[in-house]
Amino acid sequence: MAKRSLCSLPLVLAVIIFSVCDSEQHQSSEALTLMRITRLLNFPTVSKSLNNYTDFCNFEVNSSFAVSCYEGNITQLHIIGEKPAPLLPRNFSIDSFVTTLVKLPSLKVLTLVSLGLWGNLPGKIARLSSLEILNVTSNFLYGTIPPEISSLTSLQTLILDDNMFSGLLPEGLGSLPVLSVLSLKKNLFNSSLPSSLSELESLRLLGLSHNHFYGELPDFSRLTNLQVLEVGDNAFGPQFPKLGKKLVTLVLRKNKFRSSIPAELSSYYQLQCLDVSSNMFVGPFPPSLLSLPSITYLNFSGNKFTGMLFENSSCNAELKVVDLSSNLLTGSLPKCLESDSKNKVFLYASNCLATSNQNQHPLPFCHNEALAVGIVSDRSKRKQASKAALALGIIGALFGCVLLFGVIFFVYRRMNANKTTKKSPTRSVTENASSGYTSKLLSDARYISQTMKSGALGLPGYRTFSLEELEDATQNFDTSTFMGEGSHGQMYRGQLKDGSFVAIRCLKMKGSHSTENFMHHIELIMKLRHRHLVSALGHCFECYLDDSSVSRIFLVFEYVPNGTLRSWISGGHPRRSLAWTQRIAAAIGTAKGIQFLHTGIMPGVFSNNLKITDILLDQNFVAKISSYNLPLLEENMEQICSSSPGGHGVSSSRCVTSSTGARKKDDDRTDVHDFGVILLEMIKGRQVKYEAQIEALEDQLQVALTADDEARRSVVDPRVKQTCLDQSVKTMMEICLRCLRKDPSERPSIEDVLWNLQYAEQVQDAWQGGESQSSEGSPVSPSQPPRLTF
Ligand SMILES: *[C@@H]1O[C@H](CO)[C@@H](O)[C@H](O)[C@H]1NC(C)=O
Ligand SMILES: *[C@@H]1O[C@H](CO)[C@@H](O)[C@H](O)[C@H]1NC(C)=O
Ligand SMILES: *[C@@H]1O[C@H](CO)[C@@H](O)[C@H](O)[C@H]1NC(C)=O
Ligand SMILES: *[C@@H]1O[C@H](CO)[C@@H](O)[C@H](O)[C@H]1NC(C)=O
Ligand SMILES: *[C@@H]1O[C@H](CO)[C@@H](O)[C@H](O)[C@H]1NC(C)=O
Ligand SMILES: *[C@@H]1O[C@H](CO)[C@@H](O)[C@H](O)[C@H]1NC(C)=O
Ligand SMILES: *[C@@H]1O[C@H](CO)[C@@H](O)[C@H](O)[C@H]1NC(C)=O
Ligand SMILES: *[C@@H]1O[C@H](CO)[C@@H](O)[C@H](O)[C@H]1NC(C)=O
């Protein structure tokens, strides 16, 4: 073995050049290892050009395949595939691949990018004890990061971006003494961060964006080298993280931060990029940030920042982008930001600034909202008010507002006044929805979450319909438009003037109530708009002429044309069957709908008694929940009824004697159980109707889970078993079983369910190699051959 050291360049981070000395006769096992690696990776062209006589130490086919040595041993290996890389075939084994890799014990730098690697990264990767840089971006590695990684004491850079890693980060990561770059972006990590991360004193860059991390960030104030912290698109919060002062880039966008911005941020003299957009930050916007000496990019949009801007504020001359839109700012535009320069961007729409530009709200809007998000000087008052709101549910919510604003006291009195109160004076049938209600106040308050705002896709705005309009739409409620009847009234299909179809539920009222008595229900219904709910489009009151009390209420819902989910799963039509990917998509849609019902509105709507027949599919096979615990009706408000709007004659209507306001501890887990039953039917492709049946199928799934993938597949609906990936099936079965647990507290949260489903979807999509998605639009007929054959 030759040991002439003609070239002893120091190994510098990310420097790839290592020249090599005579390795002509260097015939170590390393050459064979390299050849084996290229073969395992399906690099036929490269492996052909490699043979026993190749000077592999100087082997560089092109930038995407390079090897470097030091004194005859391979120290660097860079293999970069084309993007997007197809998954390596089924007979690929990450385990034997890593076993081969570790035969290169001198490896310090390992780049395996876009190679289609898939599987659980084995812990034995830690046998590469000299490893300094590991970059496996854009592969399909899943499971958790092996804890053994913490024994790689030389590791400086760990980049696992764009894979499918999930679960917890190993506690031991925090003990890596020289780790300076840790980047885990675009994975499926679903945990809080280990506090040990706050001990990584060498850390320069921490990238965690696009995951499902949650909880508070650890205390980073001791990480004096930290320059880049990117944690966008997670669920971190609510407190602003504790940070060191040398930060250059701080990205907190799209999380759940709800605190205010700490004052010390104004002393971060190296800060160049600050993005806190799309959170729920409150408190005053600190204008001093505009004049930080290094700042170039500031994005504060989509929060609840308050306070005044002044014309005379000063700004750093290098400032390129400032986005303050969608906050509650008042005052006038700082002169220093208004520039005609093309390469400067200043956005400030949807505030209450004194300018006619960019769509400003009237000043009271910001004041009211600021009150609603709790920016009042008297904190104790606010606490009391919000406690009251929680306790009293819908009515209480209204009550809370009354306390805060004192505006709608009148309405409140009416709703709670005893039944003998005299009715409201004459009121026309077509009362005007856009005025009069408290909706403005309510929707401005904190009750409406971001999910709700973004969820109502492509629907016309909620409005009041006139009775004439509904009569026209249904040809005077002709029997041909009749869709079904439940205990609370009939369902009609109608076509509006603009050609769109709607489903109209007609509810007969007993007793005499003025329209105002229903307003708070209507308020709630207005908010129940989401892509995955059959959403309300409007309502119409029909009143008696004599005393103007309400005789009928019409609720107008979107019409969902494609029938129930069951009809596409187990309905017995041979041609109607959803493909596996469509089933996952429908499951995700349903779960999102449930999530919205639970968390998208305040107070949440729970115990919806969901059935597979309550899930409807629209023309694009988007799943929509048609029956939810809709609190309307009943002069006595103790009984809250769920009525089933929308679509295809499904019109069950049932009463649940529970109050939406006071929720029990595991209320949300009842829906999770119902969802489990729906999943079960989607996996099995057979109708599930009785409790006993559920248990039998549960057992079957339980056994299948621990069996091998062939056995597992045999349990799945035969019409999809050819096209589903085992990893995906397994995930679906697992989550299904967890949903069905007897003890509600053992059932997963709806968020957990959603993550698992999305994981199942991603693995499946990845497996299908991003081929054209025929899933949107027409369902794949069962006879269609599987897209991939292994
Ligand atoms: C390369 O070496 C292996 C084992 O050392 C040997 O079996 C093989 O024949 C050699 N190939 C060539 C092309 O010399
Ligand atoms: C590098 O070479 C390999 C093997 O010849 C080839 O498949 C790949 O497309 C090349 N990549 C680039 C970027 O030229
Ligand atoms: C090269 O590898 C061999 C065998 O693994 C080892 O004994 C030797 O010390 C390595 N040389 C260097 C310079 O690391
Ligand atoms: C995997 O299968 C392909 C063909 O299906 C074959 O060419 C390749 O050698 C196999 N790889 C391994 C590691 O067995
Ligand atoms: C890791 O790989 C990605 C993708 O090729 C590349 O953009 C990035 O610069 C690499 N990072 C390091 C430190 O090599
Ligand atoms: C600020 O952030 C929001 C959301 O995170 C984004 O939509 C917007 O484009 C950003 N503004 C600028 C100017 O980059
Ligand atoms: C800017 O103007 C406001 C009032 O318009 C004034 O109160 C404040 O002192 C001024 N600040 C500076 C730095 O001139
Ligand atoms: C995270 O996701 C994995 C895989 O989907 C799942 O097994 C695990 O229970 C999840 N963990 C948490 C805390 O949600």
Side-chain angles (χ1 to χ4, degrees), residues 11-18 62-66 68 75-85 107-117 131-139 141 155-163 178-187 203-207 209-210 227-228 230-236 249-257 272-281 285 289-290 295-305 319-327 337 339 341-351 358 450 453-454:
L11 182 79
V12 180
L13 179 76
V15 171
I16 297 166
I17 314 125
F18 265 71
N62 52 29
S63 61
S64 61
F65 193 101
S68 321
T75 52
Q76 299 200 24
L77 178 58
H78 300 265
I79 311 179
I80 300 174
E82 278 170 67
K83 257 194 123 167
L107 264 187
K108 289 182 193 293
V109 181
L110 178 58
T111 306
L112 300 167
V113 171
S114 286
L115 296 174
L117 301 176
L131 209 54
E132 292 172 2
I133 299 179
L134 176 62
N135 189 353
V136 295
T137 301
S138 298
N139 285 292
L141 299 172
L155 199 62
Q156 296 167 5
T157 295
L158 179 61
I159 303 179
L160 308 180
D161 295 352
D162 195 11
N163 277 283
V178 290
L179 192 67
S180 69
V181 173
L182 176 60
S183 191
L184 312 174
K185 295 174 191 171
K186 285 176 114 178
N187 277 285
L203 205 60
R204 272 191 306 108
L205 181 152
L206 181 59
S209 312
H210 293 280
Q227 295 182 349
V228 178
E230 294 182 353
V231 303
D233 286 276
N234 280 290
F236 286 119
T249 297
L250 176 59
V251 179
L252 305 179
R253 62 187 291 172
K254 294 192 181 160
N255 275 285
K256 299 200 168 163
F257 292 106
Q272 290 174 9
C273 164
L274 176 61
D275 186 348
V276 299
S277 61
S278 301
N279 278 288
M280 295 279 278
F281 278 114
F285 166 75
L289 293 179
L290 295 172
I295 199 81
T296 60
Y297 180 99
L298 270 179
N299 195 340
F300 275 70
S301 70
N303 284 289
K304 305 250 177 201
F305 285 110
L319 206 47
K320 292 274 179 331
V321 177
V322 176
D323 191 345
L324 303 178
S325 39
S326 301
N327 279 291
L337 288 174
S339 110
S341 162
K342 277 218 180 85
N343 49 18
K344 294 205 178 190
V345 178
F346 177 35
L347 303 175
Y348 49 85
S350 302
N351 281 285
Q358 293 196 16
Q450 216 55 37
K453 282 179 186 157
S454 58

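Everything numeric in this text was worked out from a predicted model, so none of it was measured. Counting starts at 1 for both ligands and their atoms, in listed order. The figures that follow rest on heavy atoms only: side chains count, while hydrogens, waters and symmetry mates do not. Note that the numbering runs from 1 along the sequence shown for the chain.
- The shortest heavy-atom contact between L184 and D161 is N-OD1, 3.4 Å.
- Using modelled atom types and a 3.5 Å distance limit, the side chains of S138 and D162 yield a donor-acceptor pair.
- Shown here are the side-chain contact (heavy atoms from CB on, under 4.5 Å) partners of S209, two or more places apart in sequence or in another chain: K185, E230.
- Every residue two or more places apart in sequence or in another chain that forms a side-chain contact (heavy atoms from CB on, under 4.5 Å) with V345 is listed here: V321, L347.
- Between L290 and L319 the shortest heavy-atom distance is O-CD2, 3.8 Å.
- The aromatic rings of F281 and F257 lie parallel to each other, their planes meeting at an angle below 30°, with 60° marking the opposite boundary.
- Listed by chain and number, the residues in a side chain to side chain donor-acceptor pair (under 3.5 Å) with Q227 amount to none (sequence neighbours excluded).
- A heavy-atom separation below 4.0 Å is not found between T111 and ligand 5.
- Assignment of I159 to the shell around ligand 5 is supported, since a heavy atom sits closer than 4.0 Å.
- Proximity to N135 (heavy-atom distance under 4.0 Å) selects the following atoms of ligand 5: 1 (C), 2 (O), 3 (C), 8 (C), 10 (C), 11 (N), 12 (C), 14 (O).
- Protein residues with a heavy atom under 4.0 Å from ligand 6 are R253, S277, S278, Y297, N299, S301, V321, D323, L347.
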